[in-house]
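Here's the structure, in structure tokens; my notes come after.
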Amino acid sequence: QVQLVESGGGLVQAGGSLRLSCAASGRTFSSYVMGWFRQAPGKEREFVAHISRSGGHTYYGDPVKGRFTISRDNAKNTVYLQMSSLKFEDTAVYSCAADPVSVISKNPVYWGQGTQVTVSS
């Protein structure tokens, strides 16, 4: 069982930056592939970023490539999402997810409750 708690969301102006954190419970954090997803009002959930168990491999959705960076600190059981050059269309609820296998090819097993990011234009 893994519990995920996101933090760091808020209101930011377009062009600004924000860093999200996702703290995981348990002693096996490094066994999980981690990812970030987002969902805007009236839209389907969208993949944002993935990071491998060791942190050595990352992958991003096209809308955020070059602007967002995912990282993790296995000693702190935390995954981060550094968001830069934010756009109005980045406004969404951002959720982190964990899975022992993949967060891309299957629906992740564990989800956080989400944190709201609002970008003002």
Side-chain angles (χ1 to χ4, degrees):
Q1 186 78 10
V2 176
Q3 292 184 326
L4 304 173
V5 179
E6 301 94 337
S7 61
L11 176 64
V12 62
Q13 288 188 334
S17 299
L18 209 57
R19 189 176 83 155
L20 305 182
S21 299
C22 173
S25 64
R27 295 177 292 178
T28 58
F29 177 71
S30 60
S31 300
Y32 292 90
V33 175
M34 300 297 297
W36 286 96
F37 294 78
R38 68 185 183 185
Q39 188 166 19
K43 295 187 177 181
E44 293 187 354
R45 187 169 61 204
E46 178 183 36
F47 166 75
V48 175
H50 142 104
I51 189 165
S52 61
R53 297 172 189 82
S54 68
H57 177 74
T58 59
Y59 181 74
Y60 299 91
D62 287 342
V64 308
K65 282 181 181 177
R67 300 188 298 120
F68 290 12
T69 302
I70 188 171
S71 61
R72 66 189 296 165
D73 186 337
N74 285 343
K76 295 183 178 180
N77 283 13
T78 302
V79 62
Y80 305 96
L81 184 69
Q82 178 67 48
M83 305 184 294
S84 302
S85 301
L86 283 161
K87 304 175 182 179
F88 175 75
E89 50 265 40
D90 293 320
T91 296
V93 174
Y94 285 71
S95 300
C96 67
D99 193 276
V101 176
S102 173
V103 297
I104 297 177
S105 61
K106 62 186 292 286
N107 192 36
V109 175
Y110 302 107
W111 289 89
Q113 84 288 350
T115 185
Q116 176 70 46
V117 172
T118 303
V119 183
S120 62
S121 58

- Note on the structure: Heavy atoms of A40 and A92 approach each other most closely as N-CB, 3.8 Å

- Query: So how far is it from F47 CZ to Y60 OH, rounded to the nearest 0.5 Å?
  - Reply: 9.0 Å

- Task: Give the intermediate values and the outcome of side-chain contact (heavy atoms from CB on, under 4.5 Å) for residues V12 and M83.
- Result: CA-CA 11 Å; V12 62; M83 305 184 294; over 6 Å; no

- What's the spacing between S105 OG and H50 NE2 if we round to 0.5 Å? 9.5 Å

- Please answer whether the main-chain N or O of T91 pairs with a side-chain N or O of T118 as donor and acceptor at a distance below 3.5 Å. no

- Query: Backbone N or O of S31 within a donor-acceptor pair of the R53 side chain at under 3.5 Å?
  - Reply: yes

- Applying side-chain contact (heavy atoms from CB on, under 4.5 Å), run through S102 and V33 and close with a yes or a no. CA-CA 6 Å; S102 173; V33 175; 5.7 Å; no

- What residues form a side-chain hydrogen bond (donor to acceptor under 3.5 Å, both in side chains) with Y32, not counting sequence neighbours? none

- Message: Minimum heavy-atom separation for S17 and S85, please, with both atom names.
- Response: OG-N, 4.4 Å

- Message: Restricting to non-hydrogen atoms, name the atom on A14 and the atom on S121 that form the minimum distance, rounded to 0.1 Å.
- Response: CB-CA, 4.3 Å

- What orientation do F68 and Y94 show, parallel under 30°, tilted 30 to 60°, or perpendicular over 60°? tilted

- Should we say atom NZ of K106 is surrounded by more than 12 heavy atoms from elsewhere, each under 6.0 Å from it? yes

- Listed by chain and number, what are the ring-ring contact (aromatic ring centres under 6.0 Å, His included) partners of F88, not counting sequence neighbours? none

- Task: Of all the heavy-atom pairs spanning L4 and A24, show the shortest one and how long it is.
- Result: CD2-CB, 3.6 Å

- Taking every heavy atom of L18 against every heavy atom of G8, the minimum-distance pair comes out as CG-O, 3.5 Å

- Task: Please examine the side chains of R38 and P63, heavy atoms only from C-beta on, and report whether any two atoms are closer than 4.5 Å.
- Result: yes

- Message: Could you check whether any side-chain N or O of D99 sits under 3.5 Å from a backbone N or O of V109, counting only pairs where one atom can act as donor and the other as acceptor?
- Response: yes

- Message: Within this structure, what is the CG-SG distance for the pair N77 and C22, rounded to the nearest 0.5 Å?
- Response: 10.0 Å

- Message: Quick check against the 3.5 Å criterion: does E6 have a side-chain atom that pairs as donor or acceptor with the backbone of Q113?
- Response: yes

- Query: Between the side chain of R72 and the main-chain N/O of G55, is any donor-acceptor distance below 3.5 Å?
  - Reply: no

- Hey, does the side chain of Y80 reach the backbone of T69 with a donor-acceptor pair shorter than 3.5 angstrom? no

- Message: Please tell me whether V103 and V79 are part of a single hydrophobic cluster in this structure, the criterion being side-chain heavy atoms less than 4.5 Å apart.
- Response: no

- Residues passing the ring-ring contact (aromatic ring centres under 6.0 Å, His included) test with F29, sequence neighbours excluded, are none

- Check T78 against A23 and note the closest heavy-atom contact, atom names and distance. OG1-CA, 4.2 Å

- Check step by step if salt bridge (charged side-chain N to carboxylate O under 4.0 Å, His left out) holds for K65 and D62. CA-CA 5 Å; K65 282 181 181 177; D62 287 342; 3.0 Å; yes

- Item | Close side-chain approach of L81 and M34, heavy atoms under 4.5 Å | no

- Task: With rounding to the nearest 0.5 Å, note down the distance linking CZ in F37 to CH2 in W111.
- Result: 4.5 Å

